[in-house]
2 protein chains.
Amino acid sequence: MARRPILRRMTLPAARGRPRSAASTAAILEAAYALMAGQGLAATGIDAVARAAQVSKMTIYKWWPTREALLIDAFLHQAAARLPLLGEGSGAARLRRHVADYVAALDSDFGRVQRAVIAECIAGGGSAAAFFERYLAQRRAALARIIAEGQADGSILSDAAPAAIYDALYGGLFYRHLFGMPPQPDALLALCLGQAAKP
Amino acid sequence: MARRPILRRMTLPAARGRPRSAASTAAILEAAYALMAGQGLAATGIDAVARAAQVSKMTIYKWWPTREALLIDAFLHQAAARLPLLGEGSGAARLRRHVADYVAALDSDFGRVQRAVIAECIAGGGSAAAFFERYLAQRRAALARIIAEGQADGSILSDAAPAAIYDALYGGLFYRHLFGMPPQPDALLALCLGQAAKP
DNA sequence: CAATAACTGGACGATATGTCCATTATATCG
DNA sequence: CGATATAATGGACATATCGTCCAGTTATTG
């Protein structure tokens, strides 16, 4: 009979024709990230990405409608592995560890690229809401959960809403980073978690 | 003898030749602001500004080295009148009033333009440190002073460093604004000023 | 009037944008 | 295998912006 395998069809919806090249996709995303990290946003045009990825420009335009979409994807492709949220210890301990990781990441390629992506979002759509929806929202929800656990286990004294604690803490960290001030995680942690939060 | 008047020379350093046109300067700054507010950053090229201000492109390039410098100036030109810091009442009351003004301003032309300027700074120099130096730093210092007064008069309960309170409060507000979340000034104020700050 | 400096208007090369096409490559289906 | 379908290529293309340059005009001072 040689009927088309139903199961296959449901998972990979009819792969007729030449399949999309995973190698090109990865090369494009990595080139975009590397250009943002190295040369900055201004040097990260579609032409430059195509050249660096050794790929035709049309291949990029085929899969990404705007530069904004490409740069967000390039960021997500690298960010997936970074800034893990799991760990052991009290809520406060896990939060402190993540804050330390976040501060270190901001002071690296990752921070430069994140700024570039945000700038591109603003230039394109007026705000960085797209970046929030595709990246920050999940992180914020996960960290709010950890903050709530910290309140439950007594390691975080403040009884403010977890989301508000997150906004003040990470908003403060991001604000200082964006405007070129050195990070001061301890002062913000003390303020946002309640004066003398337990370890 | 008809010597050149010394005093004049010290205040206005030798005004020989045709003087710079104040009307053109104002028209350029206002056109740049209006374009950012109306059409967004992408539509605010030097050519477009020159056209809108009815000015030769060379006049812009003569006085501003980069688009970043022009856009910051255009922002400052409008921002000077906004967000007054003076007022009456306790430190907490003045701070609350400013927070309300700030939130209202962000949700207007002013907010869009501020985002555009920040994006341009990132695209140009990698960070928005230039914007901080020319605008935010003074505001931050003035508000930290008001916060310190609030701690002194007992209207702000938290004894954290005023700068840390500022960073958490305005960082949180800015973070929510930048990423498209609705403002929640009351939650952040309660958290940052100490649970139940007096009026 | 002479000297000085700002402003004009247009032209220029370099670069980026997004689109289009004919061609080639790689897969599935019958 | 051959037919079909889709990706990827590489170059051309019109359009737009950037920053610079220049010759000429305008405004102000000495």
Side-chain angles (χ1 to χ4, degrees), chain A residues 1-29 31-32 35-36 39-71 116 119-120 123-124, chain B residues 1-29 31-32 35-36 39-71 120 123-124:
Chain A
M1 292 227 7
R3 275 183 61 83
R4 175 197 284 139
I6 293 287
L7 242 174
R8 163 79 181 281
R9 196 196 172 184
M10 296 186 67
T11 48
L12 301 178
R16 299 206 26 149
R18 177 176 178 175
R20 177 172 177 181
S21 161
S24 289
T25 302
I28 290 166
L29 294 174
L35 281 170
M36 280 191 282
Q39 312 296 119
L41 180 58
T44 313
I46 304 286
D47 276 317
V49 174
R51 239 175 292 137
Q54 306 205 62
V55 149
S56 170
K57 196 167 47 157
M58 277 306 295
T59 304
I60 298 180
Y61 279 112
K62 178 172 189 65
W63 299 108
W64 289 278
T66 63
R67 187 169 78 151
E68 177 182 342
L70 170 62
L71 298 193
E120 175 66 16
Chain B
M1 297 228 359
R3 278 182 60 85
R4 175 194 286 138
I6 292 288
L7 241 174
R8 164 78 181 279
R9 196 196 173 184
M10 296 186 67
T11 48
L12 302 178
R16 304 216 12 164
R18 180 176 177 175
R20 177 172 178 178
S21 162
S24 289
T25 302
I28 290 166
L29 294 174
L35 280 169
M36 278 192 283
Q39 311 295 119
L41 179 59
T44 313
I46 304 286
D47 278 314
V49 173
R51 240 174 293 137
Q54 307 204 65
V55 149
S56 170
K57 196 166 48 155
M58 277 309 293
T59 304
I60 299 181
Y61 278 113
K62 178 170 188 63
W63 300 108
W64 288 278
T66 63
R67 186 168 81 153
E68 177 182 341
L70 170 62
L71 298 193
E120 176 65 16

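You won't find any donor-acceptor pair under 3.5 Å spanning the side chain of B:R18 and the base of D:dA27, going by distance alone.
Nucleotide C:dC7 holds its C1' atom 16 Å from the OH atom of B:Y61, rounded to whole Å. Taking atom CE of residue A:M58 and atom P of nucleotide C:dC20, one finds them 9 Å apart after rounding to whole Å. Whole-Å rounding puts the B:R67 CZ to D:dG19 P distance at 8 Å. For the pair B:K57 NZ and C:dC12 C1', the interatomic distance rounds to 10 Å; values are reported in whole Å. For the pair B:I46 CD1 and C:dA16 P, the interatomic distance rounds to 18 Å; values are reported in whole Å. Here C:dT8 presents its C1' atom at 12 Å from CD1 of B:I28, a figure rounded to the nearest Å.
Between the CZ atom in B:R67 and the CG atom in B:L41 there is a gap of 4.5 Å [rounded to 0.5 Å]. A distance of 9.5 Å separates OG1 in A:T59 from CZ in A:R20, rounded to the nearest 0.5 Å. In this structure, the separation between CG on B:L70 and CH2 on B:W63 is 14.0 Å, given to the nearest 0.5 Å. To the nearest 0.5 Å, atoms OH (B:Y61) and OG (B:S56) are separated by 11.0 Å.
Comparing D:dT6, C:dC7, D:dT17 by their closest approach to the side chain of B:K62 singles out C:dC7. Side-chain proximity of B:R51 to D:dT17, C:dT26, C:dT8: nearest is D:dT17. The listed nucleotides are D:dA8, D:dT28, D:dC18; the one nearest the side chain of B:D47 is D:dC18. The side chain of B:R20 lies closest to C:dA6 when the candidates are D:dC21, C:dA6, C:dA25. Distance from the side chain of A:R16 is smallest for D:dT4 among the nucleotides D:dT4, D:dG11, D:dC18.
Looking at heavy-atom distances under 4.0 Å, A:S24 makes no contact with the nucleic acid at all. Among the protein residues, B:W64 comes within range of no part of the nucleic acid, since none of its heavy atoms lies under 4.0 Å from any strand.
At the phosphate of C:dC7, OP1 or OP2 sits under 4.0 Å from a side-chain N or O atom of B:W63.
Within the 4.5 Å cutoff, side-chain heavy atoms of B:D47 are placed close to those of B:K57.
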